[in-house]
Amino acid sequence: MIDARLLLDDFDATARRLARKGVAPDLLGEARDLAEQRRVQVQQVDAARQARNEVSKRIGALRRDQRKDEADRAQAEAAELGRNLEQIEAGLRETEAALDDTVMRIPNLPADDVPDGRSDADNVVLRTYGYDPSAFEGRDWQPHWDIGERLGILDPERAAKLSGAMFAVLKGDGARLLRGLTSLALDIHRDRYEEIIPPHVVRSEVITKTGHLTKFDTQAYRLRDDELWLIPTGEVALMGMHQGEILAEAELPVRYMAYTTCWRREAGAAGKETRGLQRLHEFHKVELVELCRPEDSEAEFHSLVADAARPLEMLGLPYRVVELCSGDLTFSASRVYDLEVYSPGVDRWLEVSSISLVTDFQSRRGQIRFRREGGPVEFVHALNGSGLATPRVWAAVVEHGLQPDGSVRLPEALVPYAGISVIGGDEEGRR
RNA sequence: GGAGGGAUGGCAGAGCGGCCGAAUGCGAAGCUCUUGAAAAGCUUUGGGAUGCAAGUCCCCGGGGGUUCGAAUCCCUCUCCCUCCGCCA
């Protein structure tokens with residue numbers, strides 16, 4: 001959540017910045033009014049408490065001195081003050097609940113140099129790597145689901161039988177390919193990120209405070225008999241680890257990676273763009289997250305983008321870096337770059353990683369702070385992005401590796417991890 | 001799953017319902033002394049709300065209650081420890 005102070009201290013500028021993200025001024029005005037009301041009520045409550053505390057203290061002294069009559073009189077007075085206090089406290093509680101509710105609906109402020117725009121049509125392609133359109137002409141490219149079924153590495157019918165639409169069964173070399181991809185990614189990122197294997201279910205508290213569970217978001221699966229949720233991304237577990245903590249400045253930056261299964265309900269999604277592995281309820285991903293000092297976050301963001309791109313380059317996959325415009329930014333992000341891999345089989349660019357600079361939006365909610373060397377306590381900045389999301393990268397490897405004889409050649413860098421160089425060819429490609 | 005015990009500041013560890021945001025020790029920071037260091041002495045050392053400030057208010061695992069007043073009493077949840085059961 002944003003700092004409600006911004007609304008009190010600098011309403012116009014804040015409203016202008018949020019307008020770029022499509023936030024209605026009404027919402028902000030409502031929040032500001034509530035914050036103002038809260039400020040007034042806090043002062044009233046404090047004054048009322050002070051009055052009561054003073055009398056209570058006097059009662060203690062009088063009782064010690066055996067001045068019973070005076071004590072009794074004071075006690076009656078205190079009881080009256082107490083009743084009064086309760087009333088204004090109730091008012092304050094109401095205001096705070098309403099304020100909280102309202103502020104929670106306000107998204108993070110976009111970075112000032114994020115391009116203006118309303119939808120993904122206004123996103124900006126910053127650079128493209130390894131993509132030559134002519135290289136894809138005049139050949140019979142196939143979508144990965146056709147290749148996968150033909151080679152027996154993908155089994156959509158069994159997946160549907162087990163779990164329904166948007167689930168996957170990978171078989172044989174297909175399973176091995178996924179395992180190889182995750183190992184490759186974990187090894188690539190090992191130099192900068194500490195590998196974590198977290199729990200895959202987390203408390204309501206954790207998923208709420210990472211901003212992945214609000215009343216407007218029904219992405220996550222809940223366990224029936226426990227107040228626990230399946231993580232929609234490893235980020236939830238990794239960011240949750242430091243909730244409520246005050247880190248030492250010297251501990252920063254904290255960089256973690258985790259290979260986890262992710263579950264998303266994806267309510268409403270179905271149809272053409274969900275075929276094959278394009279969109280799944282359950283998938284595997286290597287996630288990268290970072291906590292750092294505010295002054296470092298912009299530079300760290302660009303490092304994170306470069307980190308997320310490294311596996312794609314090693315796999316020789318053409319990709320492009322897209323900066324999301326202000327209107328397309330996710331709720332909690334101040335800046336987002338998407339990495340999109342070109343899929344020749346469906347002739348589309350598929351998002352394989354979304355790198356977000358979240359600033360202090362999550363850490364304020366989750367109370368993740370750090371203490372400056374000999375100085376004050378501040379909120380850390382948070383960043384996250386996929387280090388490698390397996391389904392779409394799996395699909396891209398299969399589509400790009402398709403050879404005229406129908407087999408799939410794996411990228412060189414992947415061969416040691418997958419233990420094979422060709423899927424579906426003659427036995428020579430196998431080791 | 002069953003039975004018992006616990007949760008207090010960076011750590012350890014006191015705390016009669018009022019004088020306790022909290023003794024004491026350790027750790028850490030600053031200062032004095034010293035050529036320097038050690039030792040010793042002095043001082044400082046949690047978070048948050050509100051306020052220009054002085055101040056006031058809140059927080060002793062979380063939430064609720066009793067009371068004029070709760071770290072202290074009651075209820076509840078979570079976590080940790082010991083024992084029993086189960087189990088990869």
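Chain letters run A, B, ... following the sequence lines, proteins first, then strands; residues in each count from 1. This structure is a prediction, so every number in the text was calculated from the model and none was measured.
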Looking at residues 38-50 of chain A, who's got a heavy atom less than 4.0 Å off RNA chain B? A/R38, A/R39, A/V42, A/Q43, A/D46, A/R49, A/Q50
[N] versus [M] - spacing of their [atom1] atoms, nearest Å:
| N | M | atom1 | result |
| --- | --- | --- | --- |
| B/C26 | B/C20 | P | 23 Å |
| B/C33 | B/C16 | P | 44 Å |
| B/A28 | B/C77 | P | 42 Å |
| B/U35 | B/U45 | P | 31 Å |
| B/A70 | B/C60 | P | 11 Å |
| B/C31 | B/C81 | P | 43 Å |
| B/U8 | B/G85 | P | 31 Å |
| B/U76 | B/G2 | P | 14 Å |

Taking atom [atom2] of [N] as reference, at what distance in whole Å does atom [atom1] of [X] sit?
| X | N | atom1 | atom2 | answer |
| --- | --- | --- | --- | --- |
| A/E245 | B/G47 | CD | C1' | 15 Å |
| A/R364 | B/G48 | CZ | C1' | 14 Å |
| A/D226 | B/G1 | CG | C1' | 14 Å |
| A/E36 | B/G51 | CD | P | 8 Å |
| A/L8 | B/C52 | CG | P | 12 Å |
| A/E249 | B/A28 | CD | P | 20 Å |
| A/I246 | B/C59 | CD1 | C1' | 13 Å |
| A/L81 | B/C57 | CG | P | 13 Å |

Comparing A/R369 and A/E54 on RNA chain B - which has the more 5′ nearest nucleotide: A/R369
Check whether any side-chain nitrogen or oxygen of A/N53 sits under 4.0 Å from OP1 or OP2 of B/U56, and answer yes or no. no
Atom pairs, N/O to N/O, protein against nucleotides 61-68 of chain B, distance under 3.5 Å?
residue	atom	partner	partner atom	Å
B/C68	O2'	A/S56	OG	2.9

So that I can tick it off, tell me whether A/E295 and A/R293 are bridged by a salt bridge, with the cut-off set at under 4.0 angstrom between side-chain N and carboxylate O. yes
For the pair A/E36 and A/R39, find out whether any cationic side-chain nitrogen is under 4.0 Å from an anionic carboxylate oxygen. yes
Could you tell me which nucleotide pairs with [N] by Watson-Crick or G-U wobble geometry, both distances under 3.5 Å, or answer none if nothing does?
| N | answer |
| --- | --- |
| B/G1 | B/C84 |
| B/G55 | B/U50 |
| B/C42 | B/G30 |
| B/G18 | B/C68 |

Give one of base, sugar-phosphate or nothing for A/R5, where a contact means two heavy atoms less than 4.0 Å apart. sugar-phosphate
Side chain to side chain contact (heavy atoms under 4.5 Å, CB included) partners for A/P199, two or more places apart: none
Return each pair, listed once, that meets ring pair (Phe, Tyr, Trp, His ring centres under 6.0 Å) where at least one residue sits in residues 21-69 of chain A; pairs must be two or more places apart or across chains. none
Here the ring pair (Phe, Tyr, Trp, His ring centres under 6.0 Å) pairs for residues 151-173 of chain A, sequence neighbours left out, are A/F167-A/H281
Mind checking what makes side chain to side chain donor-acceptor pair (under 3.5 Å) contact with A/Q75, not counting sequence neighbours? A/R63
Considering residues at least two apart in sequence or located in another chain, which fulfil the salt bridge (charged side-chain N to carboxylate O under 4.0 Å, His left out) criterion with A/R192? A/D307
By salt bridge (charged side-chain N to carboxylate O under 4.0 Å, His left out) - contacts of A/E77 (at least two apart): A/R58
Using the ring-ring contact (aromatic ring centres under 6.0 Å, His included) criterion, which residues pair with A/Y256? Sequence neighbours excluded. A/H242
A/H381: ring-ring contact (aromatic ring centres under 6.0 Å, His included) partners, not counting sequence neighbours: none
The complete set of side chain to side chain donor-acceptor pair (under 3.5 Å) pairs with one or both residues in residues 387-399 of chain A, sequence neighbours excluded, reads A/H144-A/E399, A/S343-A/E399
Any A/I88 side-chain heavy atom under 4.5 Å of A/Q41 side chain: no
Dump every N/O contact between nucleotides 76-80 of chain B and the protein below 3.5 Å, one line per pair.
residue	atom	partner	partner atom	Å
B/U78	O3'	A/R203	NH2	3.2
B/C79	OP1	A/R203	NH2	3.4

Output, in order, the C-alpha distance, side-chain angles, deciding distance and verdict of salt bridge (charged side-chain N to carboxylate O under 4.0 Å, His left out) for A/E89 and A/R49. CA-CA 10 Å; A/E89 273 180 337; A/R49 279 208 262 248; 2.6 Å; yes
